[in-house]
Amino acid sequence: MSAGARYWLSLLLLGALGAGAAEPGLPSATRQVAGFHEQLTAIASGALAGEQRRERLAPIVPALFDLPLICRLSVGRRWRELEPQQQAELGAALGQVVTATYADRFAGPMTARFEILEEVAGRRGPVVKARIVRQDGTTVPLDYHFREGKIYNVVADGVSDLSLRRADYSDVLKREGFEALLVHLAAQRARLEKENDGAEN
Amino acid sequence: MAPKTDCQLRAAQHRPLAVLILLLLAGLLGGCVSSVPAYGPGDPLEGANRVSYQVSDFIDRRALVPIARGYSRITPSWWRTGVGNFFSNLRNIDSAVNGLLQGKPGKAGTDLARVLVNSTVGIAGLIDVGTRVGLMHGEEDLGQTLAVWGYHRPPYLFLPAGGPSSVRDLPGSVIQGAMPRLLIGSTYNIWVGLLDAINARASALALTDARDSSALDGYAFTKDAFFQRRKFLIFDGDPPIEDFFDDEAFDEEYEDDD
């Protein structure tokens with residue numbers, strides 16, 4: 001079977017967008033996370049090139065993650081100082097970075113597996129509690145925080161991605177300004193894509 | 001935080017206790033006058049910390065990382081795991097003591113049981129039998145004890161060749177760094193210290209690689225990750241997660257969430 005046929009068959013079996021093939025009857029947030037994990041596992045084991053991984057992830061990331069909200073929360077008070085076009089540029093840049101990051105993290109067969117533990121009510125919406133189980137049995141807690149049907153924060157082993165991003169972006173904005181933030185994000189994306197593509201060469 | 005080299009351990013042992021107490025008091029005073037939210041990353045020494053970070057990062061990339069990568073390439077994973085288990089086992093005693101100081105006798109007992117099991121069945125701590133039989137590492141330390149006792153917002157420190165820390169957490173790190181030497185005694189030498197340090201650096205390569213690919217500002221990223229990790233440990237794996245919706249810029253738009 002050609003690589004292209006495998007790709008399309010994978011999409012049919014697992015679902016390219018949104019929730020994927022998780023069990024019906026589960027809460028919606030849990031279904032979404034389960035579907036996302038299945039997508040990542042399939043991408044990791046699919047022997048795909050970097051560009052192919054990014055192409056598969058490109059529609060999944062904005063469908064699952066609330067990128068505009070993540071941008072606003074990451075930038076903080078300075079968000080209102082940005083023009084709408086700047087806000088849109090930042091959202092697009094963030095989406096590309098998130099896509100490239102997942103493509104980089106899941107570039108090869110996984111030595112660990114995902115497990116979903118439970119869904120609980122959080123302050124802003126459901127929180128799906130999951131974990132990564134390594135081959136040696138050790139686990140890494142992974143919590144997905146939802147608001148209005150999309151993820152706005154992922155907390156891995158107690159470390160909040162949103163908090164890291166906020167500390168990072170706020171510092172660059174304060175010290176160097178908005179244009180510099182976009183330049184840094186573009187450079188980060190390019191670096192990740194080079195690593196993605198370089199792994200196959 | 002990276003374990004201390006033998007030279008640093010010797011320096012720590014000869015450091016007058018009075019200086020340490022003064023440092024703690026200065027840090028406590030500095031932490032007490034702050035009016036910002038608890039557990040947040042206070043950084044009144046940012047200028048000096050950034051210089052320290054840049055110097056440390058330069059040395060790390062050009063010396064420690066290549067050594068650690070080479071070490072990872074030539075040693076099998078079971079070796080690196082065993083070395084890590086050996087030194088971690090020695091530090092379990094510190095965790096047990098601090099578990100007691102925090103009023104967690106159960107955790108303290110578990111840590112002591114770990115030391116006993118791993119030191120015997122686990123062949124001098126090389127094999128982490130404790131985790132396999134359900135005796136989980138308490139991961140307590142003096143910095144967490146001070147946090148439980150009320151020291152919530154310490155000034156951040158980035159130590160040259162030591163990594164991220166704080167005025168509150170530094171004494172505990174010194175103690176943990178000194179534990180192997182104190183327990184092993186005269187057998188401990190510079191090579192044992194180097195093995196501890198290099199093995200620890202090798203085990204942290206994945207973390208620093210992730211930082212390098214994710215961070216726009218490595219200093220800010222490292223500081224925030226450090227304080228988040230400390231809060232995670234202080235709250236025994238169930239910390240309050242800040243979601244930043246309380247920022248005054250968003251209050252009127254997210255009132256319906258409360």
Side-chain angles (χ1 to χ4, degrees), chain A residues 69-70 72-81 97-98 100-101 104-105 122-125 127 135-138 141 143 145 147-148 152-153 155-176 180-185 187-189 191-192 194-196, chain B residues 39-41 43 46 50 77-78 81 85 128 131-134 136-137 139 156 206-207 209-254 256-258:
Chain A
L69 178 59
I70 293 171
R72 294 185 66 170
L73 295 174
S74 299
V75 171
R77 289 178 175 82
R78 294 175 189 268
W79 179 258
R80 289 190 169 173
E81 299 170 11
V97 164
V98 172
T101 301
D104 181 57
R105 297 279 183 273
R123 187 177 170 194
R124 305 289 171 182
V127 177
Q135 282 183 329
D136 61 2
T138 58
D143 293 348
H145 293 248
R147 183 180 177 275
E148 294 183 356
Y152 72 91
N153 192 12
V155 182
D157 209 9
V159 179
S160 159
D161 176 70
L162 180 59
S163 179
L164 286 175
R165 210 174 287 284
R166 183 179 170 96
D168 214 2
Y169 292 9
S170 297
D171 201 76
V172 172
L173 268 176
K174 183 176 72 175
R175 292 159 63 85
E176 301 178 52
L181 176 58
L182 285 185
V183 169
H184 280 297
L185 286 171
Q188 184 182 34
R189 176 176 61 87
R191 192 167 58 242
L192 285 165
K194 186 179 175 184
E195 287 173 11
N196 288 179
Chain B
Y39 301 101
D43 197 6
E46 182 174 349
R50 279 192 177 269
S77 63
W78 60 261
T81 300
N85 288 341
D128 186 5
T131 297
R132 296 181 192 192
V133 299
M136 308 310 289
H137 185 16
E139 295 189 275
Y156 179 65
L207 293 173
D209 287 347
R211 174 204 64 191
D212 292 341
S213 65
S214 303
L216 305 183
D217 180 337
Y219 174 83
F221 188 96
T222 301
K223 179 175 65 176
D224 193 75
F226 168 77
F227 275 111
Q228 284 200 62
R229 180 63 184 163
R230 293 303 293 166
K231 194 165 78 170
F232 180 80
L233 292 173
I234 290 165
F235 284 89
D236 293 334
D238 191 22
I241 299 295
E242 191 173 4
D243 65 6
F244 305 109
F245 282 81
D246 295 330
D247 189 319
E248 64 185 29
F250 304 123
D251 274 350
E252 66 273 20
E253 293 190 55
Y254 296 104
D256 59 328
D257 283 7
D258 294 323

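Reminder, nothing fancy here: chain letters follow the sequence lines and each chain counts from 1.
Looking at B:Asp238, there are no atoms closer than 4.5 Å to chain A (heavy atoms on both sides), in backbone or side chain. A:Leu192 touches chain B through its side chain: at least one heavy atom from C-beta onward sits under 4.5 Å away, while N, CA, C and O do not. Proximity to chain A (any heavy atom under 4.5 Å) is shown, for B:Ser214, by both the backbone and the side chain. With a threshold of 4.5 angstrom between heavy atoms, A:Arg165 does not approach chain B through any atom at all. In this structure, the portions of A:Val159 lying under 4.5 Å from any heavy atom of chain B include both its backbone and its side chain.
Among the candidates A:Gly125, A:Ala187, A:Ser160, the residue making the largest number of heavy-atom pairs closer than 4.5 Å to chain B is A:Ser160. In terms of heavy-atom pairs under 4.5 angstrom with chain A, the leader among B:Ala210, B:Ala220, B:Pro239, B:Ser213 is B:Ser213.
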Please evaluate residues A:Asp168 and B:Arg211 with respect to the criterion salt bridge (Lys or Arg N to Asp or Glu O under 4.0 Å), reporting the C-alpha separation (whole Å), side-chain torsions for both, the decisive distance (0.1 Å), and the verdict. CA-CA 11 Å; A:Asp168 214 2; B:Arg211 174 204 64 191; over 6 Å; no
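No side-chain donor-acceptor contact under 3.5 Å links A:Gln188 to the backbone of B:Leu216.
Taking the side-chain contact (heavy atoms from CB on, under 4.5 Å) definition, one finds that B:Arg229 meets it with A:Asp157, B:Glu139, B:Phe232, B:Leu233, sequence neighbours left out. Residues passing the ring-ring contact (aromatic ring centres under 6.0 Å, His included) test with A:Tyr169, sequence neighbours excluded: none.
Smallest separation of non-hydrogen atoms from B:Arg50 and A:Asp171: NH2-OD2, 2.6 Å.
Using a cut-off of 4.0 Å between Lys/Arg side-chain N and Asp/Glu carboxylate O, A:Lys174 and B:Asp217 are scored as not salt-bridged.
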